[in-house]
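These figures come from a predicted structure and were not determined experimentally. Computation of the quantities below employed the complete heavy-atom set of this structure, encompassing side-chain atoms and omitting hydrogens, waters and symmetry-equivalent molecules. Order of listing sets the numbers, starting from 1, for every ligand and every atom in it.
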Amino acid sequence: MKAVIFDLDGVITDTAEYHYLAWKSLADELNLPFDKEFNEKLKGVSRMESLELILSLGDTAYSDEEKKALAEKKNDLYKEMIAKVTPADLLPGIEALLKELQEAGIGTALASASKNAPFILDRLGVTHYFNHVVDVNLIKQGKPDPEIFLTGAAKLGVLPEECVGIEDAEAGIESILSAGMYAVGVGTPAQMQKADLIVSSTAELSLSLLKENFKQ
Ligand code: B16
Ligand code: MG
């Protein structure tokens with residue numbers, strides 16, 4: 001195991017609630033029946049794809065320009081919310097794991113679908129733990145395509161089979177597996193069916209757990 005590549009939302013911090021609240025406000029304005037259950041479909045999915053899914057709840061057709069304005073409106077609200085993020089919003093066990101990886105000289109990268117990821121890492125105070133943050137603006141295919149995880153490995157100068165990927169979304173696990181990496185899923189066995197290793201909480205993650213299982 002030479003590197004660990006992390007997802008952000010749901011693994012490092014729980015920004016899903018803020019994404020939900022910002023989309024909910026937009027959906028209410030458009031009179032669309034958006035709820036928490038539907039929100040599950042948006043995890044790991046890009047901003048524009050998320051908007052398309054939400055708009056599919058109604059039958060109004062929007063021009064590309066209108067869609068851009070709607071996505072921008074959601075993002076402005078989301079940005080107001082994430083401005084309040086602090087290091088206390090790190091999920092349990094994550095900072096300890098990042099420290100262990102750094103001390104052991106194991107590479108780390110962030111493979112998040114979020115264009116707000118660098119800002120959130122700064123707010124959490126963990127930017128310095130990452131050797132590379134994949135610039136999602138340069139990624140052509142979103143998760144479940146392997147491109148974002150493969151880019152992370154290439155930037156770290158390691159082979160995909162030397163990497164562990166950690167995700168909380170089904171699309172993310174598929175992305176890791178099709179990249180040829182070892183997939184760790186945070187969630188329930190039902191949600192993380194395809195993952196090589198499942199933990200119910202990030203608090204269970206540690207360097208020794210990853211090393212022991214990676215060998216198998
Ligand atoms: P943004 P991840 C994803 O983050 C979120 O899970 C998803 O809900 C969101 O739509 C996507 O980022 C894009 O975020 O609008 O900030 O660019 O799980 O890949 O870290
Ligand atoms: Mg996620």
Side-chain angles (χ1 to χ4, degrees), residues 4-27 34-56 67-85 89-91 94 108-124 126-127 130 132-152 165-177 179 183-188 191-192 194-195 198-199 201-202 205:
V4 179
I5 307 186
F6 292 80
D7 173 45
L8 176 67
D9 176 27
V11 172
I12 289 176
T13 190
D14 198 2
T15 31
E17 180 65 15
Y18 299 135
H19 279 296
Y20 168 71
L21 292 171
W23 283 128
K24 178 73 183 146
S25 154
L26 186 77
F34 176 67
D35 59 14
K36 281 238 153 160
E37 198 191 323
F38 193 85
N39 187 58
E40 286 301 303
K41 293 192 210 299
L42 311 184
K43 291 192 175 167
V45 173
S46 75
R47 194 181 309 162
M48 289 315 283
E49 278 176 90
S50 300
L51 176 70
E52 293 289 354
L53 285 168
I54 292 171
L55 294 180
S56 75
K67 284 181 193 167
K68 222 179 122 199
L70 290 173
E72 235 172 75
K73 197 169 192 180
K74 179 265 173 178
N75 194 49
D76 286 345
L77 193 54
Y78 179 67
K79 283 202 296 199
E80 270 176 41
M81 296 176 183
I82 56 175
K84 293 175 196 139
V85 166
D89 294 306
L90 275 168
L91 282 171
I94 289 297
T108 49
L110 189 83
S112 167
S114 175
K115 293 185 175 166
N116 294 297
F119 176 76
I120 297 169
L121 286 187
D122 275 352
R123 293 291 314 158
L124 292 167
V126 292
T127 305
F130 288 89
H132 185 74
V133 176
V134 176
D135 182 355
V136 73
N137 295 293
L138 305 177
I139 298 296
K140 292 186 194 74
Q141 300 294 324
K143 300 168 191 177
D145 189 278
E147 186 184 358
I148 190 163
F149 280 93
L150 287 175
T151 304
I166 312 181
E167 261 287 351
D168 70 314
E170 214 184 309
I173 294 291
E174 276 179 41
S175 177
I176 296 170
L177 291 174
V184 178
V186 181
T188 64
Q191 293 164 328
M192 296 288 103
K194 295 182 189 156
I198 304 167
V199 292
S201 154
T202 53
L205 295 168

_So which atom in Ile139 and which in Ile148 form the shortest heavy-atom distance, rounded to 0.1 Å?_
CD1-CA, 4.0 Å
*Mind telling me whether His19 and Tyr78 have parallel, tilted or perpendicular rings, with 30° and 60° as the class edges?*
parallel
*May I ask you to list the protein N, O or S atoms found at less than 2.8 Å from the Mg ion (ligand 2)?*
Asp7 OD2, Asp9 O, Asp168 OD1
*With sequence neighbours excluded, tell me which residues meet side-chain contact (heavy atoms from CB on, under 4.5 Å) with Lys115.*
Arg47, Val136, Asn137
*So is there a nitrogen or oxygen of Asn75 less than 3.5 Å from a nitrogen or oxygen in ligand 1?*
no
*Below 4.0 angstrom from a heavy atom of Leu42, which ligand 1 atoms are there? Numbered from 1 as shown, please.*
7 (C), 8 (O)
*asked:* Do Ile5 and Val134 have side chains that approach each other closer than 4.5 Å (heavy atoms only, starting at C-beta)?
replied: no
*Does ligand 1 have a heavy atom under 4.0 Å from the side chain of Leu8, from its backbone, from both, or from neither?*
both
*Please confirm whether Gly10 comes under 4.0 Å of ligand 1, counting heavy atoms of the residue only.*
no
*Kindly check if the number of other-residue, nucleotide or ligand heavy atoms within 6.0 Å of NZ (Lys67) is above 12?*
yes
*Got a salt bridge between Glu170 and Lys41, using NZ or NE/NH1/NH2 to carboxylate O under 4.0 Å?*
no
*Numbered atoms and elements of ligand 1 in range of Asp9, under 4.0 angstrom, heavy atoms*: 2 (P), 4 (O), 5 (C), 6 (O), 18 (O), 20 (O)
_Lys143 N/O to ligand 1 N/O under 3.5 Å_ = yes
*Could you tell me which atoms of ligand 1, counted from 1 in the order shown, lie closer than 4.0 angstrom to a heavy atom of Val45?*
7 (C), 9 (C), 10 (O), 11 (C), 13 (C)
*Assess Glu167 for proximity to ligand 1: is some non-hydrogen atom of it under 4.0 Å away?*
no
*May I ask you to list the atoms of ligand 1 that are less than 4.0 angstrom from any heavy atom of Asn116?*
1 (P), 16 (O)
*Checking side chain to side chain contact (heavy atoms under 4.5 Å, CB included) for the pair Tyr18/Asn116: CA distance, chi angles, key distance, verdict?*
CA-CA 12 Å; Tyr18 299 135; Asn116 294 297; over 6 Å; no
*Run the numbers for me: atoms of ligand 1, each under 4.0 Å from some heavy atom of Lys43, listed by number.*
6 (O)
*Is Asp7 in polar range of ligand 1, meaning some N or O pair under 3.5 Å apart?*
yes
*Under the side chain to side chain contact (heavy atoms under 4.5 Å, CB included) criterion, do Lys74 and Leu51 qualify, and how do the steps go?*
CA-CA 9 Å; Lys74 179 265 173 178; Leu51 176 70; over 6 Å; no
*Numbering the atoms of ligand 1 from 1, which are under 4.0 Å from a heavy atom of Lys115?*
1 (P), 16 (O), 17 (O)
*Do Asp7 and Lys143 sit within salt-bridge range, that is, some charged N less than 4.0 Å from a carboxylate O?*
yes
*Would you say ligand 1 has an N or O under 3.5 Å from any N or O of Ser114?*
yes
*Can you tell me if Asp9 uses its side chain to pair, donor with acceptor, with the backbone of Thr15 under 3.5 Å?*
yes
_For Ser112, the ligand 1 atoms whose distance to one of its heavy atoms is below 4.0 Å_ = 2 (P), 4 (O), 19 (O), 20 (O)
*Determine, stepwise, if the pair Phe38 / Leu53 fulfils side chain to side chain contact (heavy atoms under 4.5 Å, CB included).*
CA-CA 9 Å; Phe38 193 85; Leu53 285 168; 4.2 Å; yes
_Min heavy-atom dist Ser50 to ligand 1 below 4.0 Å_ = yes
*Under 3.5 Å between some N or O of ligand 1 and some N or O of Asp168?*
no
*For ligand 1, is any non-hydrogen atom under 4.0 Å from His19's backbone (N, CA, C, O), its side chain (CB onward), both, or neither?*
side chain
